[in-house]
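What follows is a single structure, written as structure tokens, with notes after it.
The structure presented is a predicted model; accordingly, all values stated were derived computationally and were not measured.
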Amino acid sequence: MQVVSPREGGPMLPLRAAPGRTPWAEVRPPGARQRAPPPGLAPGGGPGDPHPATRSNCRNRPIDLVFIIDSSRSVRPTEFEKAKEFFQDMVDGLEIGFDTTRVGLVNYASTVQIEFPLKMYFDKTGLKKALARVEPLASGTMTGMAIKTAMEKAFIAEAGARVNSPKIAKVAIVVTDGRPQDKVEEVSAAARQSGIEIYAVGVDRADMTSLRLMASQPHDEHVFYVETYGVIEKLTSKFKETLCGVDACAEGHNCQHICFNNGEDLQVCMCRDGYVLNADQKTCSRVDPCALGHDCQHICINSDDSYICKCPVGYILNPDNKSCSRLDACAQGHECQHECVSSGNSYICKCQPGYTLNTDQKTCTLLDSCAQGHNCQHSCINSGASYICKCPVGYVLNEDKKTCTRKNRCVFFAYLLDCVVFFESKSRSSTLISLYVHRNITALITYLVSADKL
């Protein structure tokens, strides 16, 4: 598309669109009839525009961006407002912040005024309000002095500019509608030499030769012309793509999870949390969180994108969810009939004295205490879970409750006599009772023998 300079009448450099895309602003000579927009492209970035100026932020590389706005007498108040709206629309399409894009504004006519430096605003709301408050200066067109002021006072560290780096762009956008009243070639060259990339936007009566002298090369990417301020907003999308670059991810990608535009029109694949990028730089594999390191005292178990700690049998997880304490196995419940004894991570059953543990290792059976061994000298008698010792007739159990001693013979006979007398007393023998009461042993025995009782 060719355009004609309003001052020179000759060919003007075309406004170039990205490959495969439609130009966003139709640049045409004064008085030319406006062409109908291509199918699917609404004029002014409307609903049919595939890249409207107000779409979501691009993830542009960090930029120190200074707007240089002509507010001379030739710019009517309504036109000046349109120029400010153009800057506000551009701000909407950029990622504004301390570490991303910083914006400053230089206002000029016959004098130059820095309305706000790069270090002033790091949020869109404050920045757009500041742009809305700017007033025109109303006389002269000292474009060269404005570029010099931007270079020497706006693009410096004290004003918020960052150190020159390939990763941080320094950009000046000049918007003017007239011929400069001072020289722009040398000062513009010095600014470009210092690392500032200059875009020149001419409106209406702008001088195309001056625009080319200001702008960086190539001119077809840095010099633009629109017929009136009323259509300047059509350049917004063009500048957005120029400053942000083509969204390589939106063009299509092979990333399994996330495609990230690195700001240099290149796509980088990234993985979601809990995954790691494979050697092919496209696909992702789940991370083994436990293998990457953990704080578990005993056992680490992968759980989605993180891990949980567990304890071995016989231990319980402490409130810190990392360390373990040994359990009282018996206190956790057991099946022992008599006694439970904790043993390492488990327990064993025991029986009370006088009982033996059955083969099920849980229940108990009463023992034959005497059969298990005893200390009785003569007879062992089972008694509950234990035993007692007894002595045969004619013996008495000693105090040790184990051994026996033979009784005294006389005492033995006396014992026998008591027994005999007990049974004979039933016969009511007065002679037997008399002898027993008086303990006349000799006569009693004689009597019993004669009575055939002994």
Side-chain angles (χ1 to χ4, degrees), residues 1-6 11-58 60 65 67-70 74-94 103 124 128 131-132 171-178 198-208 211-212 214-215 218-247 250:
M1 175 178 65
Q2 293 282 324
V3 294
V4 179
S5 166
M12 176 179 159
L13 294 170
L15 174 63
R16 189 176 71 177
R21 296 181 184 270
T22 306
W24 294 272
E26 181 182 359
V27 184
R28 50 194 173 80
R33 189 174 62 183
Q34 184 173 356
R35 283 190 313 188
L41 179 63
D49 189 347
H51 301 280
T54 56
R55 71 176 180 174
S56 60
N57 296 345
C58 65
N60 55 287
L65 174 62
F67 296 130
I68 302 175
I69 184 171
D70 177 0
S74 62
V75 181
R76 298 181 181 87
T78 55
E79 294 175 331
F80 190 70
E81 291 301 315
K82 286 291 185 181
K84 292 194 297 182
E85 289 174 9
F86 167 60
F87 291 149
Q88 289 174 319
D89 288 343
M90 287 188 60
V91 166
D92 266 333
L94 297 173
V103 177
K124 289 186 182 182
K128 290 172 68 176
L131 285 167
V171 177
I173 299 178
V174 182
V175 177
T176 180
D177 75 336
I198 301 177
Y199 292 85
V201 178
V203 183
D204 194 8
R205 298 171 300 278
D207 178 58
M208 296 310 303
L211 294 178
R212 293 191 188 98
M214 295 180 222
H219 285 156
D220 62 343
E221 294 182 1
H222 293 83
V223 177
F224 306 106
Y225 171 80
V226 290
E227 189 175 72
T228 68
Y229 279 99
V231 294
I232 193 172
E233 76 276 1
K234 293 182 180 181
L235 291 176
T236 305
S237 294
K238 175 60 182 173
F239 271 106
K240 183 174 186 296
E241 181 182 285
T242 299
L243 297 177
C244 298
V246 176
D247 187 348

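Within the 4.5 Å cutoff, side-chain heavy atoms of Asp92 are placed close to those of Lys128. Annotation: side chain of Ile68 is not in contact with side chain of Ile173 (no heavy-atom distance under 4.5 Å). Looking at Leu211 and Phe224, their side chains never come closer than 4.5 Å, going by heavy atoms from C-beta outward. Side-chain atoms of Val175 and Asp70, non-hydrogen and from C-beta on, never get closer than 4.5 Å to each other. Taking 4.5 Å as the limit, some side-chain heavy atom of Ile69 sits within range of a side-chain heavy atom of Phe80. The shortest side-chain heavy-atom distance between Leu94 and Leu65 falls under the 4.5 Å cut-off. Looking only at side-chain heavy atoms (C-beta outward), Leu131 and Val91 come within less than 4.5 Å of each other. A heavy-atom distance below 4.5 Å is not found between the side chains of Val174 and Val201.
Between Phe86 and Tyr229, the ring centre distance reaches or exceeds 6.0 Å.
Side chain to side chain, Asp204 and Thr228 fail the donor-acceptor criterion of an N or O pair below 3.5 Å.
Judged by distance alone, with hydrogens and angles left aside, the side-chain atoms of His219 form a donor-acceptor pair with the main-chain N or O of Arg212 at under 3.5 Å. Looking only at distances, no side-chain donor or acceptor of Glu85 sits under 3.5 Å from a matching main-chain atom of Lys82.
Note that CE of Met214 and OH of Tyr199 are 15.5 Å apart. Values are rounded to the nearest 0.5 Å. The structure places CG of Leu235 at 11.0 Å from CG of Asp89, a figure rounded to the nearest 0.5 Å. Put simply, CG on Asp177 and CZ on Arg76 are 9.0 Å apart, with the number rounded to the nearest 0.5 Å.
Between Glu79 and Ser74, the shortest heavy-atom distance links the atoms OE1-O, 3.7 Å.
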**salt bridge (charged side-chain N to carboxylate O under 4.0 Å, His left out) between Lys84 and Glu81, intermediate numbers included** = CA-CA 5 Å; Lys84 292 194 297 182; Glu81 291 301 315; 3.0 Å; yes
